[in-house]
Structure formats: structure tokens, C-alpha cells
Amino acid sequence: MKNLIPYFIQENYKKGIYTGEFKAFTMFMDISGFTIMTEKLLKEGKEGVEVLSTILNNIFQPVIDAVYERNGFVSGFAGDAFTAIFQTDDYVKPLVAARSVKKVFQENKLQKTQFGDFELCLKLGLSHGNVSWGIIGTTKYKTLYFKGEPIDGCSNSEAKCKKMQIVMDSVFTDFIDSSVKIRRLPNLESNEKYFIFEEINKTEADSGTKLSCLIESKSILSRDVVSKFLPDSVIDYKQQGEFRDVVSVFISFKELEDFTELQPFINEVLENAFKFGGYISSLAFGDKGPHLVIFFGVPVSFENNISRAINFIKSLKDRYSNNIRVGITKGIVYSGIVGSSRRCTYTCLGNIVNQSAKFMLGADWNQVWVSEEVKRNVNTYKLKDLGRKEFRGFSKPIPIFELLWHEQEIKPKFFQGSMVGRKIEYKRLTKYIETIFNNKFGGIVYVYGEASIGKSKLVAEVTDNLTDKFQTLLLQTDSILKKSMNPFVYMFTNYFKQYGQTKEADKKTNFEIIFNKLIFDLSVLLNRSDTNNHLEEIPLIIKELTRTKSILGALIGIYWEDSLYENLDARGRFENTFYAIIEFFKALSLLKPLILYLEDFHWIDNDSMKLFKALTRKIKDFPIIVIATSRFNDDSSTPFLEIDKGELQNEIIIDMLSSDSISEFIKNQLGQKANDELIEFINSKAQGNPFYIEQFILYLKENNLIELIPASEDNDSLYRVINLSWTPKKSKKPFNYCIFGDKNEFMRVKKSYLYNPLIF
């Protein structure tokens with residue numbers, strides 16, 4: 001069992017003691033140069049992971065041993081740094097431990113690897129005082145913390161350090177005697193007193209004091225206890241380490257007075273982090289103030305980690321908006337177990353982690369700062385460009401964007417430009433749709449294909465060309481929480497123009513105008529000769545829509561006092577929601593044949609699945625068709641909506657582009673023909689996926705890795721590869737390239753080697 005939490009915490013948890021205080025000496029150690037080394041090694045793929053893991057073990061094992069051999073314990077990690085606590089009145093223990101730690105770095109300062117030499121240096125701070133601790137959370141999820149003046153004090157001391165220095169504050173120096181050689185840190189403000197530790201002439205045996213702390217070096221942790229604080233995926237983690245694409249979230253919150261005030265906030269953070277798939281790395285108090293670190297993408301990853309992170313923060317801002325500030329970044333990090341056999345943690349190390357911490361500290365309260373990479377993947381909310389800002393530790397100014405939380409319509413993402421290689425699929429889908437001209441339900445058309453293969457593009461091309469004849473409603477599933485009725489909530493939010501509306505009065509006004517127009521347009525149909533097939537039903541549909549108006553409004557958060565919705569119980573509301581939506585679709589189809597476009601139905605929720613079954617039973621004589629796009633199941637089978645047998649169902653499968661189509665697609669993207677080597681090079685990375693081809697071409701153009709060869713007497717002008725030491729055969733020469741679409745459906749652009757690709 002890995003020592004993933006302090007033994008001190010386990011023993012108190014078993015006793016039912018969840019908070020307390022004690023006097024202690026504290027140590028904060030940070031490694032200078034580690035982030036630079038991590039960033040360089042992450043470009044080297046699997047070999048870089050192995051080198052980094054080896055260096056981590058070589059450094060952390062003896063350093064942590066130095067703490068535990070003096071009966072201290074590591075209370076928490078912060079990336080490549082940690083805080084240690086010595087629950088004793090003997091100052092010799094932490095000083096000797098600090099001296100031993102420094103010796104480790106003196107002996108291992110230069111790390112020589114096949115990828116270059118890296119200098120790692122110690123920065124260590126010391127303090128003393130009353131340490132408060134707590135075990136906090138729900139019955140299901142818990143976390144821990146240590147805080148107080150000595151935790152802040154050792155962090156502040158470390159902040160005064162230069163490389164290879166040990167600095168103590170005046171609180172610590174009150175305990176030492178003439179056996180300790182120190183000198184005052186120069187160039188301080190008059191009220192600041194920090195001292196550089198140089199040597200101690202005492203040994204641990206000289207003190208002879210008794211320790212009051214638990215002997216952590218002999219600790220054995222219980223899985224039952226550790227599982228209250230960490231997921232099984234961390235407890236059972238056996239890899240050496242890996243490079244992963246991660247969203248890093250730092251949340252600063254205003255200091256709460258005591259344990260009882262902290263409890264409800266942390267409970268909500270823990271519940272929501274678990275719900276959205278985040279991993280809480282730490283709850284910390286120190287130089288950054290009270291803050292939480294949450295990672296999305298480790299130890300378990302999802303393809304929509306940014307959406308999960310944003311929705312997680314949104315869940316907190318609804319209640320704590322003025323009490324939090326947040327930094328969010330995305331990128332490649334080293335992830336894995338960091339520490340030693342005596343004490344370790346699962347965490348992430350890398351530049352983007354430091355960057356999110358800087359964003360958090362730079363933001364004002366109620367602000368969320370995000371990186372450019374995050375901004376590119378946010379389409380639910382509007383963002384404000386804050387320009388570029390300089391941060392200590394970063395050589396160049398960093399672009400920053402503020403998340404504004406004004407909702408906007410989510411539009412399906414697909415490759416740009418004209419569609420290529422889908423003529424057969426285009427004709428089939430058009431033919432299926434045109435069957436509803438007979439005023440009959442057209443059934444369900446399934447469009448299957450891998451992620452980003454062009455399912456949405458095909459549907460968009462067909463429906464856009466049929467706009468004059470049909471109306472299309474997009475029903476978007478919820479890939480994260482699979483919230484009840486989300487496709488319909490999404491559709492009604494768009495239809496009644498609710499995106500961007502924050503005032504209740506504006507929401508109701510938009511709803512009333514659009515709803516009343518629908519009723520009016522239906523009334524007009526009573527005088528038209530071409531609606532005789534449904535002439536008797538129109539008054540009934542109008543009556544039912546009017547009756548269930550408050551039901552439709554409630555779906556998108558609009559309520560009226562003493563309405564039908566307010567007077568129904570939960571079961572009545574659920575049943576009437578079905579009736580209201582079905583009548584709504586009937587009404588729209590009478591005005592114009594209706595296409596219901598259900599996107600990514602592999603994520604559909606159970607209630608929506610039931611509604612589609614009820615819907616297909618009630619609209620047999622109405623000009624409506626359902627187009628449902630989906631990926632394949634994990635076993636490569638095709639999912640289906642659960643509807644009655646005998647209902648009309650057709651399917652279209654979107655495959656990878658053919659060789660000829662790839663050439664045509666690349667030509668369309670570049671505006672000129674590409675030579676055979678460039679075509680083969682692009683397709684070797686994108687594997688016939690049009691979206692990945694588009695993104696790869698953008699990368700090549702932005703980095704000036706292709707050039708246009710002018711036309712000659714023998715050839716037209718065309719593009720070719722440049723600045724790449726590449727041939728179709730494997731080469732060990734370095735070049736810039738992209739990797740797209742592994743099983744987790746990531747798209748990555750990184751510098752690496754063709755013979756050793758950066759696979760995660």
C-alpha cells in the first residue's frame with residue numbers, strides 16, 4: 001500500500017478526530033529547475049518519461065528519507081515541492097534534516113541525460129508555530145489540510161531563498177543557540193527578519209528530547225482509510241509515470257473563519273469534482289493563500305476535459321462567485337506518483353500547472369482566467385481578451401482570456417470548406433429526408449462514424465441545401481452528466497432565444513413573443529386548403545400547447561405563479577412534458593416539414609430515450625424525420641434508439657476518405673495541388689480523417705513547414721514539404737509534426753521524432 005496520505009491523518013481518522021492543533025517546526029522545499037527539465041523531456045516521448053521518473057526517484061527518495069529519519073512527516077505536495085512538519089520542541093531535528101536535504105542536492109545538482117544536462121537546485125524555508133489540521137468532506141469523499149502561521153512562514157522563508165539556500169524566519173531563530181551558524185539575509189525591509197542557515201555543530205543525539213509526534217517512518221496505511229481520500233485509480237496506479245494532456249484548475253478562495261465554515265464549501269467542491277470527473281490533487285494553505293488544485297484528464301481521461309472543467313467551475317460560481325478566483329490551462333504534463341516509499345502523491349508536473357497557478361493569483365475575485373488553448377475549446381460561453389501579461393518565471397508574456405459566463409448557442413464543430421468524397425452518402429440522406437413530403441413520418445436515419453469523421457458536416461450540408469423546403473432543429477446531447485432531457489432543453493433554449501439572456505423579464509418576453517407567434521401561425525392554417533389532412537387536429541394542438549405552455553417554459557427555467565407546472569406533482573410534470581414536446585413538434589411540422597437532428601446520440605439520457613419512443617408512436621401522419629448521428633460502440637457495433645419494432649429505420653456509415661478524396665480535400669484546403677510526398681505525409685498522420693487533415697494542414701502552414709513551388713513549363717504550381725527531414729520511410733531525424741485521434745480522441749501538436757512519436 002503506497003503512503004499516499006500522512007499516517008498522522010489515518011490514525012486520527014480511525015479515532016474519529018477530524019480537526020486539531022499542535023506546535024511544530026515546519027519546512028517547505030522547492031526544486032529550482034525542475035519545470036524546465038520537465039518541459040524539455042516531455043518532447044522526448046516514452047524515453048523522456050523514463051528519464052524523468054528516474055530523476056524523480058533519485059531526488060525524492062533520499063530527501064524524504066531525511067525528513068522521516070528525523071521523525072518529521074510530509075504533510076502535502078505542491079508539484080515538485082512539499083511541506084514537512086516536525087511535531088517536536090527540538091529545533092535540531094528540522095535543521096539536521098534541512099542540512100541532509102541540501103547535501104542530496106549538492107551531490108545530485110547536475111543531472112546528465114541523453115537529452116542534455118539539467119541543473120536542479122534546492123530552495124528551502126523553515127518556520128515554527130501552531131499548526132491546524134483537518135479532515136474534511138462528505139461521508140463519501142474527503143480531503144485533508146494543514147494550515148497556520150508556520151505553514152505560511154516556511155513558504156515565505158522559501159520565497160526569500162536563492163538557489164541552494166536554506167532560510168529561516170525570526171520565529172525559528174528564537175529557538176536556536178550558539179551552535180547554529182546563521183547570517184541575516186541582506187537587502188530586506190526594516191521590519192523583515194530572515195536568516196540564512198549555514199551550519200549546526202550539534203548532533204541529534206545531543207538534544208535527547210522526546211518526540212510527541214507519531215513515528216511516521218513505521219507507518220502502514222489501510223486501504224479502507226486511504227480510499228476515503230483518493231480514488232481507486234490512484235491507489236492502484238502502477239505505472240512509472242506518463243505524459244498526459246491535462247486541464248489544470250487552480251481555485252483560490254477567501255479565508256474562512258473556522259472548520260465549520262470551510263466544511264460546506266469543500267463538500268460542494270468534492271461532490272462536483274467527482275461528478276464532473278476531476279481529480280482533487282490538494283487543498284492547501286500557504287504562499288498562494290487558501291486554494292485547491294484540480295486536474296481533469298488524470299488519472300482517468302475524457303475527451304471533453306475542458307467542458308468538464310468549465311462546468312465544474314460554473315457549479316461553484318453559482319453560489320460562491322464573489323469568494324473565488326480561478327486559473328485554467330490545458331497542455332501536456334508529466335503525471336504519476338511523485339515522492340518515495342515513505343510518502344508520495346499522485347500529481348501533475350509541468351509548465352501549464354505553474355501557469356494556471358499564476359492565472360489564479362493574477363485574477364480578481366469573481367474572475368476566471370483561461371489560457372489560449374482553453375479559449376479555443378470553449379464555445380458555450382463568451383470570453384474577453386485581456387491581452388498578454390508577464391509572469392515571473394515565464395520568459396514571454398502569456399495571452400489571457402476571461403470567461404464571462406454569458407451563454408451563447410453551441411454550434412456543431414466540423415471541418416471547414418466544401419465537403420469531399422461523400423456524394424453517395426449525400427444522395428442517400430437527401431432521398432430519406434424527401435420521403436416526408438408525403439405527410440408521413442420519415443422514420444429515423446442513423447449516421448454512424450468515428451469522431452470528427454464528418455457526420456455533422458454531412459448533415460449540415462444536406463439540411464442547409466434543403467432550408468427552403470424544411471426546417472431543422474438541433475438536439476444536442478450532454479456528454480458529461482447526461483442530464484435528463486438535455487437534447488430538448490438545448491433545442492428549446494435555442495428556439496425561444498434564451499442564450500445570452502440573464503434577466504428573468506427578458507427571458508419571459510422572448511418566450512412569449514415566439515410562443516404567441518407559433519399559436520398565431522397555426523391559427524392561420526385553419527384557412528388554408530393544403531392542411532385538410534390535419535384540419536380537425538389543429539384546434540386540438542393549439543389547445544394542448546396553450547395548456548402546457550408553462551411545462552415548455554419550465555424546461556428552460558421560465559416559471560409562472562399558479563401555473564399548470566406549479567400545481568403538478570413530479571410524476572405529472574414528467575408526463576405532461578412528454579405531451580407538450582410531442583404537440584410542439586406536430587405544430588412545427590404543419591408549418592413546414594420538420595427535421596429533428598439528434599447529434600451524438602450515443603450520449604443520450606434515459607428520459608430522452610423514452611421520449612423518442614413515445615414521439616415515434618404519435619407522429620406517424622406528420623412530416624417529421626429524425627436524423628441521429630453517433631459513433632460506434634466500443635465493440636464496433638452500432639447503437640440504436642429504443643423505439644417500437646417495425647418503425648422505419650435507415651443507416652448511413654461514414655468511412656475514412658479514399659485516396660483520391662484525400663488529394664482533392666488537401667487541394668481544397670491549400671488552394672493548390674500538393675505533391676505526392678506531402679499528401680502521403682499528411683495522410684500518414686491524419687489517417688483519412690478530414691478534420692484531422694484540416695488541423696494538420698493549418699499546423700504546417702502556421703509553422704512554415706510547406707512551400708509553394710511556382711509553375712513551370714512541365715508542372716503546375718503545387719505545395720511540397722519543407723523544413724522537414726522526412727521521407728516516407730522511417731527516419732531518426734527530428735522534425736515538427738502532429739499526432740491525432742488516439743482512443744481518447746485527443747488531437748495533439750508537439751515537437752518530437754518520427755521514429756519515437758509522442759504517444760500518451
Side-chain angles (χ1 to χ4, degrees), residues 3 6-8 22-31 58-77 81-109 120-129 131 146 150-151 153-158 160-185 194-219 339-343:
N3 289 304
Y7 184 63
F8 173 91
F22 56 80
K23 286 187 178 296
F25 290 98
T26 57
M27 169 195 296
F28 182 71
M29 188 214 75
D30 192 13
I31 303 176
N58 290 343
I59 293 293
F60 274 106
Q61 186 73 49
V63 164
I64 292 176
D65 283 349
V67 171
Y68 280 77
E69 286 167 2
R70 279 83 187 175
N71 300 112
F73 68 91
V74 174
S75 58
F77 291 83
F82 68 76
T83 301
I85 294 174
F86 298 81
Q87 191 181 346
T88 175
D89 56 4
D90 179 12
Y91 72 86
V92 176
K93 297 288 184 183
L95 278 183
V96 173
R99 183 179 62 186
S100 297
V101 170
K102 184 175 181 178
K103 185 178 179 181
V104 170
F105 280 88
Q106 288 172 332
E107 294 174 350
N108 297 274
K109 184 176 181 180
L120 300 180
C121 294
L122 160 82
K123 293 174 70 179
L124 191 149
L126 297 167
S127 189
H128 180 273
V131 174
F146 291 85
I151 301 295
C154 63
S155 295
N156 293 334
S157 295
E158 184 273 332
K160 303 293 183 183
C161 287
K162 293 182 179 179
K163 292 179 181 179
M164 299 302 289
Q165 282 187 343
I166 300 171
V167 172
M168 63 183 72
D169 60 15
S170 59
V171 181
F172 194 102
T173 58
D174 287 344
F175 290 86
I176 66 175
D177 57 27
S178 58
S179 65
V180 182
K181 184 180 179 181
I182 61 173
R183 58 186 172 89
R184 193 172 188 275
L185 200 65
Y194 290 92
F195 302 85
I196 300 172
F197 167 62
E198 294 187 338
E199 189 52 81
I200 179 171
N201 295 321
K202 276 187 178 180
T203 66
E204 295 159 87
D206 293 334
S207 61
T209 56
K210 293 182 179 180
L211 295 169
S212 59
C213 68
L214 297 164
I215 307 301
E216 295 259 341
S217 60
K218 297 179 181 179
S219 64
S340 75
S341 58
R342 280 177 162 163
R343 180 74 165 92

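Computed over heavy atoms, backbone and side chain alike; hydrogens, waters and symmetry mates excluded. The residues of the chain are indexed from 1 along the displayed sequence. Since the model is a prediction, treat every value here as computed from it, not as a measurement.
Contact between Thr173 and Phe195 at its shortest, heavy atoms only, is CG2-CD1, 3.5 Å. The two residues Ile59 and Val104 come nearest to each other via the heavy atoms O-CG1, 4.2 Å. Scanning all heavy atoms of the two residues, the minimum distance from Lys109 to Cys121 falls at CE-SG, 3.7 Å. When every heavy atom of Phe105 is checked against every heavy atom of Met164, the shortest pair comes out as CB-CE, 3.8 Å. Closest approach of Val171 to Ser127, counting heavy atoms only: CB-OG, 4.5 Å. Closest approach of Ala24 and Ile85 over heavy atoms only: CB-CG2, 3.7 Å.
Inter-residue side-chain proximity for Leu122 and Ile31 is flagged as unmet; no heavy-atom pair is nearer than 4.5 Å. By the 4.5 Å heavy-atom criterion applied to side chains, Tyr7 and Arg343 are not counted as neighbours. Between Val131 and Thr26 there is a side-chain heavy-atom pair separated by less than 4.5 Å.
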Practice task
Just do the side chain to side chain contact (heavy atoms under 4.5 Å, CB included) check on Leu124 and Glu158 with the steps written out, would you?
Solution key: CA-CA 5 Å; Leu124 191 149; Glu158 184 273 332; 6.0 Å; no
Problem - Worked check of side chain to side chain contact (heavy atoms under 4.5 Å, CB included) between Ser157 and Leu126 - result: CA-CA 6 Å; Ser157 295; Leu126 297 167; 5.7 Å; no
Practice task
Quick one: do Phe82 and Phe28 satisfy side chain to side chain contact (heavy atoms under 4.5 Å, CB included)? Show the steps, please.
Solution key: CA-CA 6 Å; Phe82 68 76; Phe28 182 71; over 6 Å; no
Problem - Worked check of side chain to side chain donor-acceptor pair (under 3.5 Å) between Asp177 and Ser179 - result: CA-CA 5 Å; Asp177 57 27; Ser179 65; 2.4 Å; yes
Exercise for the section: Using the side chain to side chain contact (heavy atoms under 4.5 Å, CB included) rule, take Ile182 and Met168 through it: C-alpha gap first, then chi angles, then the decisive distance, then the call. Expected result: CA-CA 9 Å; Ile182 61 173; Met168 63 183 72; 4.0 Å; yes
Problem - Derivation of the side chain to side chain donor-acceptor pair (under 3.5 Å) call for Arg70 and Ser100 - result: CA-CA 10 Å; Arg70 279 83 187 175; Ser100 297; 3.3 Å; yes
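Aromatic rings from Phe175 and Phe25 are positioned such that their centres are separated by under 6.0 Å. The distance between the ring centers of Phe172 and His128 does not fall below 6.0 angstrom. Residues Phe73 and Tyr68 place their aromatic rings such that the two centres sit no closer than 6.0 Å.
Distance check: Phe86 CZ to Leu95 CG gives 9.5 Å after rounding to the nearest 0.5 Å. Note that NZ of Lys102 is 5.5 Å distant from CD1 of Ile166, once rounded to the nearest 0.5 Å. Here the straight-line distance linking atom NZ of Lys123 with atom SG of Cys161 works out to 6.5 Å at 0.5 Å rounding. A distance of 12.5 Å separates NZ in Lys160 from OG in Ser155, rounded to the nearest 0.5 Å. Within the model, atoms CG of Asn108 and NZ of Lys103 stand 11.5 Å from one another, a figure rounded to the nearest 0.5 Å. Taken from NZ in Lys163 to CG in Leu120, the straight-line distance is 10.0 Å, to the nearest 0.5 Å.
Scanning for side chain to side chain contact (heavy atoms under 4.5 Å, CB included) contacts around Arg99 gives Val96, Phe197, Glu199, Ile200, with sequence neighbours left out.
Between Arg342 and Asp65 there is a salt bridge, with a side-chain nitrogen of the basic residue lying less than 4.0 Å from a carboxylate oxygen of the acidic one.
A side-chain donor-acceptor contact under 3.5 Å links Gln165 to the backbone of Lys162.
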